[in-house]
Student: 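Take this structure first; my questions come after.
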Amino acid sequence: MNQPQLSRDHVLLVDDDPVARLLTASFLTSSGFEVTEAASGAEALRCFDDDIDCILLDALMPDMDGFATCRALRAAPGGAQVPILMLTGLDDDDSVARAYDAGATDFFVKSTQWTLLTQRTRYLLRAARTRDELEASRARLSRAQRIARFGSWECDVATSRITGSELYFAVLGRAYHEAPVYVAELFALVHPDDLPGFERKWDALVRGGGEMQAEVRLRHGNGRYLHVLFDAEAERDARGRTTVLTGTVQDVTQRREAEAQIQALAYYDNLTGLPNRRMFGERLRTAIDEASRRGGWLAALFVDLDRFKQVNDSQGHGAGDQLLREVAQRLVGCVRAGDADTDMVARLGGDEFVLLLTGITDANHPQRVAERALAVLREPFVINGRENFISASIGISRFPDDGADAETLLRNADAAMYAVKGNGRNAIAAYRPEFNVADRRRWELEQALHKALERNELVLHYQPQVDVRTGRVPGVEALMRWQHLGRLVPPGEFIPLAEETGLIVPFGEWALRTAAAQAAQWMHAGHGRVRVAVNIPGSHFQRRGFVDMVRAALVGAGIGGELLELEITETMLMNDLSATLATLRALNELGVRLSIDDFGTGYSSLSYLKRFDINQLKIDRSFVNDLKPDSDNEAITAAIIAMATALKLEVVAEGVESREQMLLLNRRGCQLMQGYYFSRPLPASDITTLLDRLRDAGPRAEWRIADGSRSVALVPRRTAAQAA
Ligand code: C2E
Ligand code: MG
Ligand code: MG
């Protein structure tokens, strides 16, 4: 006896002869089958369901014979695939043929050879199972192919005719009748750029056999291009001639699109859409390879915005982003006009951009592009209805002179840019080897600057502003110095760095407090009102809390606002008008005086000045510097003085170094002057000495009248500090 099985094969036994049925059933049962018996065709049809794995069907039955029953079973739901073994009489050839005709799977000559019958039944079941599995796997395959957009095709070489699976057509996205049937039709769909390569591979496959793989863009039924991957193999006849190509075709458009998206993320800057640092690096390397092979020149322009941080801090990141996008567009405009399309503008991050210029034949070309860039960036940026002014510092390096590889070239353009920053910005520099040294020094400086405040290394020197008609000193300008490594570092060398690193805020607060305290000290020492002017950079002025900081300095020193003067620049006034107006109003309420420093070098117009409550203009040093009779500078200073007078503004000439300058300015109506001619900036104690003498000696006594006339040319007595 067989072991009982968990799930036994279920046989439907159909026979009208009860004895034969009983014998057969009992033998099948003892062989491990589960048996359902039916005495007629009609009963068989009633008993048949999904549970039946196999049917043994007697051919000869009354009413409905085996053949008719077989046909009916095949037509019944689920009956198409079930294995049916027809039981026939001995040597009944006719029945065998009819059995197959009626759809029987096989036949078995009725006998008492039970073992044979069970074996045959088992075999039938196994074959049916294999077929089922095959079909399932085929269905799975075709589903997988559909999901993978994978079709198969065959091409008859002699006729060039292609036959394909349904998916072949589906992949090509066309209605059946439109699909390419001949090779020429297929080729006609291929993108013109991809066609030569594809034809070459196809021909090589036909002629040489083997395999090929090709990815091409195919024109899709709806006009757009699909990325399609062809895999093919040649079949050859006995004489080695290729007769048939068989292959697959796969739509890889989605994959390519995803790759393109990844590429976009990896190689382009999100904010501006410009190529990013990585893309630029690759492009630069390729350009260098090309230039070294063909002996050309190229240049990298490193562009860094000068006042971006200010816009970002005062107006928020949204405004900053908008500005950067606009900068990107303007820079692209600079290279595009007539330049080779291999040129590139990339954003390296933050407010750093870089331009790559290739195929240079004229050595002045990079300089000209840089000038164009400076010019377009000087134009105002209108953001949220406000005009913003920025500028840029640009460093240029050239291949092959300034570097043989991409890294060196970029580093040196960067070093040149830093040299511009250190020199007052808003300019262009071509790389020179000493810049790298300067770069390293700058880094060391930055480290030390961070510790300057806590180490008490900052000091204020004061430069008198002299009223040349009275000889009095109504005010002084506080100028910051840094005592570093035994040297007194002038502000030009560390203020820009302090602005970039944000240290300018604590530095500025310190300067305000120190200057206010100094003014208080002079007042208490009996020098009356000596007002102290403090230089305020835009990045500080535009910060929230600036007014509070000024108020705290005044309160801390116990003085009124009239003893403190703030020197701001025209550009600062122009940026962010409404915020500036609010700040100025608040400062006015504190009684603090406002002075426009370096007047004449900025962008402001007179009409602007009228809108602000300003007390003073300081004529920029550059106009005073080579002030000669009947020069342009004389005309400019004369105009500024006349204008200031008309606007009822006090005017101070700074950088007065000679008697001639002093006389000329005085003749034009300028009364207040500041410069080496009178005094260099001095430590507070030296100013105190000066003020003491001035007070003790009465009017003009301490100042020597230089030219004898009463129209006052006053020269200070040399103080101890100056003599040293
Ligand atoms: P500024 O505000 O225009 O200051 C005038 C500069 O001209 C000072 O240079 C001064 O020493 C110099 N100077 C004065 N008289 C003459 C002269 O007759 N001839 C020449 N050639 N130069 C003269 P300094 O002290 O090097 O300051 C340079 C700049 O640094 C200042 O320009 C100001 O913008 C900035 N600065 C100075 N102190 C501070 C500060 O405490 N805070 C901030 N934020 N900036 C400061
Ligand atoms: Mg100043
Ligand atoms: Mg100045």
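Quick note: residue numbers are just sequence positions, from 1. Numbering of ligands and ligand atoms starts at 1, following listing order.
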Student: With heavy atoms of G675 as the reference, note each atom of ligand 1 found under 4.0 Å away.
Tutor: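 Contacts of ligand 1 toward G675, numbered from 1: 15 (N), 18 (O).
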
Student: Any idea which part of Q674 is under 4.0 Å from ligand 1, heavy-atom wise: side chain, backbone, both or neither?
Tutor: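 Neither; no heavy atom under 4.0 Å.
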
Student: Centres of the Y462 and W522 rings: under 6.0 Å?
Tutor: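 Ring centres of W522 and Y462 closer than 6.0 Å.
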
Student: Residue-level breakdown please: for D597 versus ligand 1, do any non-hydrogen atoms fall below 4.0 Å on the side chain, on the backbone, on both, or on neither?
Tutor: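 Near ligand 1, D597 shows its side chain, while the N, CA, C and O stay back.
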
Student: So which bit of H540 gets within less than 4.0 Å of ligand 1, heavy atoms only: side chain, backbone, both or neither?
Tutor: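 Neither part.
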
Student: Side chains of T514 and V534: closer than 4.5 Å at any heavy-atom pair?
Tutor: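 When only atoms from C-beta onward are counted, V534 and T514 do not touch, as no gap falls below 4.5 Å.
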
Student: Using atom types as modelled and distance alone, determine if a side-chain donor or acceptor of D306 lies under 3.5 Å from a backbone N or O of R425.
Tutor: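 Not at all, since once roles are kept as given, no pair shorter than 3.5 Å links the two residues.
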
Student: Report, in ascending order of atom number, the atoms of ligand 1 lying under 4.0 Å from any heavy atom of E567.
Tutor: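 Ligand 1 atoms under the 4.0 Å threshold to E567: 2 (O).
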
Student: Strictly below 4.0 Å, N to O, side chains only: are E457 and K451 in salt-bridge contact?
Tutor: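 Looking at E457 and K451, the cut-off is not met.
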
Student: Mind checking whether Q463 contacts ligand 1 via backbone (N, CA, C, O), side chain (CB onward), both or neither, at a 4.0 Å heavy-atom cut-off?
Tutor: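 Within the 4.0 Å criterion, Q463 contacts ligand 1 through side-chain atoms alone.
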
Student: Within the side chain of S631, is there an N or O that forms a donor-acceptor pair under 3.5 Å with the backbone of L627?
Tutor: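 Not at all, since once roles are kept as given, no pair shorter than 3.5 Å links the two residues.
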
Student: If you take the nearest heavy atom of each of E499, E477, Q661, which one is closest to atom 4 (O) of ligand 1?
Tutor: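 Ranked by closest heavy atom to atom 4 (O) of ligand 1, first place is E477.
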
Student: Between K618 and ligand 1, which residue portion shows a heavy-atom distance shorter than 4.0 Å: side chain, backbone, both, or neither?
Tutor: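 Within the 4.0 Å criterion, K618 makes no contact with ligand 1.
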
Student: Below 4.0 Å from any atom of ligand 1, is there a heavy atom belonging to R481?
Tutor: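 Yes, R481 has a heavy atom closer than 4.0 Å to ligand 1.
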
Student: Hey, is V656 touching ligand 1 through its side chain, its backbone, both or neither, going by heavy atoms under 4.0 Å?
Tutor: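 Under 4.0 Å from ligand 1, V656 contributes backbone atoms alone.
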
Student: Any idea which atoms of ligand 1 are less than 4.0 Å away from a heavy-atom of D598?
Tutor: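 The list of qualifying atoms is 3 (O).
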
Student: Taking Q674 as the fixed residue, which of Q463, R621, E654 is the one that meets the side chain to side chain donor-acceptor pair (under 3.5 Å) rule?
Tutor: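 Filter result, single survivor: Q463.
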
Student: Report yes or no: does a heavy atom of G508 sit under 4.0 Å from some atom of ligand 1?
Tutor: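 Flag not set, G508 not near ligand 1.
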
Student: Please work out whether any backbone atom (N, CA, C, O) or any side-chain heavy atom from C-beta onward of H461 is under 4.0 Å from ligand 1, and answer side chain, backbone, both or neither.
Tutor: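 No part of H461 is near ligand 1 at this cut-off.
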
Student: If we ignore hydrogens and angles and just use 3.5 Å, is the side chain of Q661 paired with the main-chain N or O of S658 as donor and acceptor?
Tutor: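 Yes; at least one donor-acceptor contact below 3.5 Å.
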
Student: For the pair N615 (side chain) and S595 (backbone), establish whether a donor and an acceptor sit closer than 3.5 Å, ignoring hydrogens and angles.
Tutor: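 Here the side-chain-to-backbone pair does not exist.
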
Student: Do you see an N/O/S atom of N535, backbone or side chain, under 2.8 Å from the Mg ion (ligand 2)?
Tutor: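 Yes, within the cut-off.
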
Student: Heavy-atom contacts with L479 under 4.0 Å: which atoms of ligand 1 show up? List them by number with element.
Tutor: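 Counting from 1, the qualifying ligand atoms are 4 (O), 8 (C), 10 (C), 11 (O), 25 (O), 27 (O), 37 (C), 38 (N).
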
Student: Please identify which atoms of ligand 1 are closer than 4.0 Å to at least one heavy atom of E654.
Tutor: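 That gives atoms 3 (O), 5 (C) of ligand 1.
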
Student: Got a salt bridge between R330 and E326, using NZ or NE/NH1/NH2 to carboxylate O under 4.0 Å?
Tutor: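 A salt bridge is present here (some side-chain N lies under 4.0 Å from a carboxylate O).
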
Student: So, of the N/O/S atoms that D597 has, which is the nearest one to the Mg ion (ligand 2)?
Tutor: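 Considering only N, O and S atoms, D597 comes nearest to the Mg ion (ligand 2) through OD2.
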
Student: I'd like to check whether Y677 has a polar contact with ligand 1, where a contact means an N/O of the residue lying under 3.5 Å from an N/O of the ligand.
Tutor: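 It does not: no N or O of Y677 is found under 3.5 Å from an N or O of ligand 1.
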
Student: Any idea which N/O/S atom from E477 gets closest to the Mg ion (ligand 2)?
Tutor: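 Looking only at N, O and S atoms of E477, the one nearest the Mg ion (ligand 2) is named OE2.
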
Student: Assess E567: does it contribute an N, O or S atom lying under 2.8 Å from the Mg ion (ligand 2)?
Tutor: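 E567 does place an N, O or S atom closer than 2.8 Å to the Mg ion (ligand 2).
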
Student: Heavy atom to atom 40 (C) of ligand 1, shortest distance: which of E493, E657, M480 holds it?
Tutor: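 Looking at heavy atoms only, M480 sits closest to atom 40 (C) of ligand 1.
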
